[in-house]
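Report on the following structure.
Just so you know, ligand 1 is whichever comes first in the structure, and atom 1 is the first atom listed for that ligand. Note that this is a predicted model, so its numbers are computed, not measured.
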Amino acid sequence: MLLSILALGALQTPPGLDLWSEEDLEARLERDRAVCQSVTPEHLREWHDLIASRPHAAGSEGDAQVIAAIAGAFDAMGLEVEVHRFTAYLSRPVSASLRLMAPSEVELSLTEMALPGSAYSELDDDLLRLGWNAYSGSGAAEGEVVYANHGRKEDFERLAELGVDCEGRIVLARYGGNFRGYKAKFAEEAGAAGLIIFTDPKDSGYGRGLETPEGGWANCDQIQRGSLKTLPWSGDPLTPGVEATAEAARLDPGDIALPRIPVQPVGWQAAAQIMAPMRGASVPKDWQGGMPFRYRLEGGPGVRVRLEVQQERALVETANVLGTLRGTLSAEAAPGIIVGAHHDAWVYGADDPTSGTIAMLETARAITGQAKASGAAPRRTVTFAAWGAEEHGIIGSCEWVEGNRQALIEGADLYVNLDAAASGLRLGVSASPSLTSLIHGAAAAVPQPGTAPVISALDAWRGEAADLPEPGFLGGGSDHVSFLALCSIPAASISARGAPGTAYHSLYDDLTWYRRVVGEDYESARLIARITAVAVDRASTAPILPIDLGKPARALSRAARELLEAEPELFGPAGLEGVIGRAEGQAVAAEELTGRLRAAARSGALDDARCRLADELLRGLERAWLSESGLPGRPWYRNLYTAPDESSGYAAWPLPGLQKAAVDADNRIAREQVDHLGAVLQRRSGCLAALRVLVEQATER
Ligand SMILES: [Zn+2]
């Protein structure tokens, strides 16, 4: 009877507020409003000017200025500041050229021209205008051409089926469909002598809308830069598993699988000059892009190009900047709740990353402002982080995590990532399932811009759906990766998109473009900063950590069920059905315990010592996904719940050990990984039992 009343009570409380008692609820909501109020467009704009006014690629002079500016901003907020320096193996462009040799000789453009109305695009440094892909091989290649669609694994398989040989040829692939590094990897494996990656107008240009500077979509010059690194570990290429300090032991660069062939990104005008004269067979229907001619598989002997790329790879020093606000409940050195965004960019990076970086800075200002206004430190430590060298391959965050792994496993509560987070008003969240109610609650407390009558960001996100939206699975591609993969810290990536255009990784991603296309009003960044600030303020002041106990087991059973249905012969005999049954049982028990634990917490039955112990057990529940032996074939990745997939790089693999067994059709891996998931449930059930005892002891008196 008691149980059903509590369950009903939890149902009627808005999401995320069941940690506050009825008497405290009004004060909580008042504080949420104050946090929202303190986030302003004026400040967001100032942060934007501070960081995105100069080119600031990792290791450059602009990078050093941005690092100093962020350290100064954290200091002015009263945060404890650490500039965490690291030495990473980066690449930089020296020169590049692309020449059509036949049917006629034409030098093709590899740079982006200045735009009327954008002072930022008027750079006199040719290397800043040059489009390039980090970690390209150096050298020259000349030959006939092949078009490989998106350059995915299946695209190269299709070419082979169609009898098209890439050996010694220069392959053209359009952006999209996978991480660009895999285009290079698969092209190299197919024997290509070089690779040209182009932005197709159908995907990002006039096929979508008006072009920059008239509109916001890619114009004929616009070039997407970006890293090509696809190593089986994240972070610095030479120091997997350890922090890239100046004196760290390093791998021999000759021993790691970075691209050997020259790879060059181009705008669609240069691609059209090569592809229009191609004379081979027509492409399969879904390979046709948006340029005004029929795409062909091969150019034949009448179309030849010469590509030359020269780059230098070297050890380069750059830094992360951390700002810490100490909490009263957290252990002394615990990083607590971490909010991170990278600060390095390809050129100006007004959208990527800075629209996220400014939301992080504004969150820091809101949280420190609340602490000052209330005259009280938060219960949990909050750490704000601006990561370096993300664009080269998620390096700064990873090196910091590798250097602080033990402290993070013991004392990190959760991680929020804000990368290129604000380019529109359509909210999107990917997160660990245990953070669902925290995120729902924060979105419910924030008004959705442009709605009348005003609705919450949660209602706008939910749309017409009957149920609350479930956050997506976290894949690869940004700074949350090492927090999840190495430490199993629950993480969320929050963003809002939908602006009419993209300047992704191009020179044109500057303040002029951002303010014209995303908006002068900073409503997008304000939305993201408010949701993040409310989530962080609630999580840092709640009696116990706002971790959902039951959702992870539910997510496990759902993902495992899908895999079992897809591969019954593989996972049936391996005993996956048994694990699913146990996960479902655990989810039910954990959901019931969530209600009791939160009731005890909001009633004040847990003193600080018990709250501290509850937090420790809640962190332990999340760490249950760690496997020290790592994933099959990728020992660096140690989280059994999620990992980036193996051959596209961005997509998420739920239950990656099982996914690997399915990809390899390997019975031994299947059995082993099913056992590992059983052990995860076992570890979780130990934490749940201890939490149950804690609640019983606290409420017994
Ligand atoms: Zn980014």
With sequence neighbours excluded, give me every salt bridge (Lys or Arg N to Asp or Glu O under 4.0 Å) pair touching residues 225-242.
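Salt bridge (Lys or Arg N to Asp or Glu O under 4.0 Å) check on residues 225-242 returns Glu112-Arg225.
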With salt bridge (Lys or Arg N to Asp or Glu O under 4.0 Å) as the rule and sequence neighbours excluded, what pairs involving residues 203-221 come up?
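Listed once each, the pairs are Arg174-Asp203.
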Could you tell me which non-hydrogen atom of Asp537 sits nearest to which non-hydrogen atom of Ser540, and how far apart they are?
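Result for this residue pair: O-OG, 3.2 Å.
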Are His43 and Tyr522 near enough that their ring centres are under 6.0 Å apart?
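No, they do not, as the ring centres are separated by 6.0 Å or more.
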List in chain and number order the residues that pass salt bridge (Lys or Arg N to Asp or Glu O under 4.0 Å) with Glu312, two or more places apart in sequence or in another chain; answer none if no residue qualifies.
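Partners of Glu312 by the salt bridge (Lys or Arg N to Asp or Glu O under 4.0 Å) criterion, ordered by chain and then number, come out as Arg92.
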Which protein N, O or S atoms sit under 2.8 Å from the Zn ion (ligand 1)?
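Protein N, O or S atoms closer than 2.8 Å to the Zn ion (ligand 1): His342 NE2, Asp352 OD1, Asp419 OD1, Asp419 OD2.
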Taking NZ, NE, NH1 and NH2 as the nitrogens, is one of them in Arg54 or Asp125 under 4.0 Å from a carboxylate oxygen of the other?
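Salt bridge flag = no for Asp125 with Arg54.
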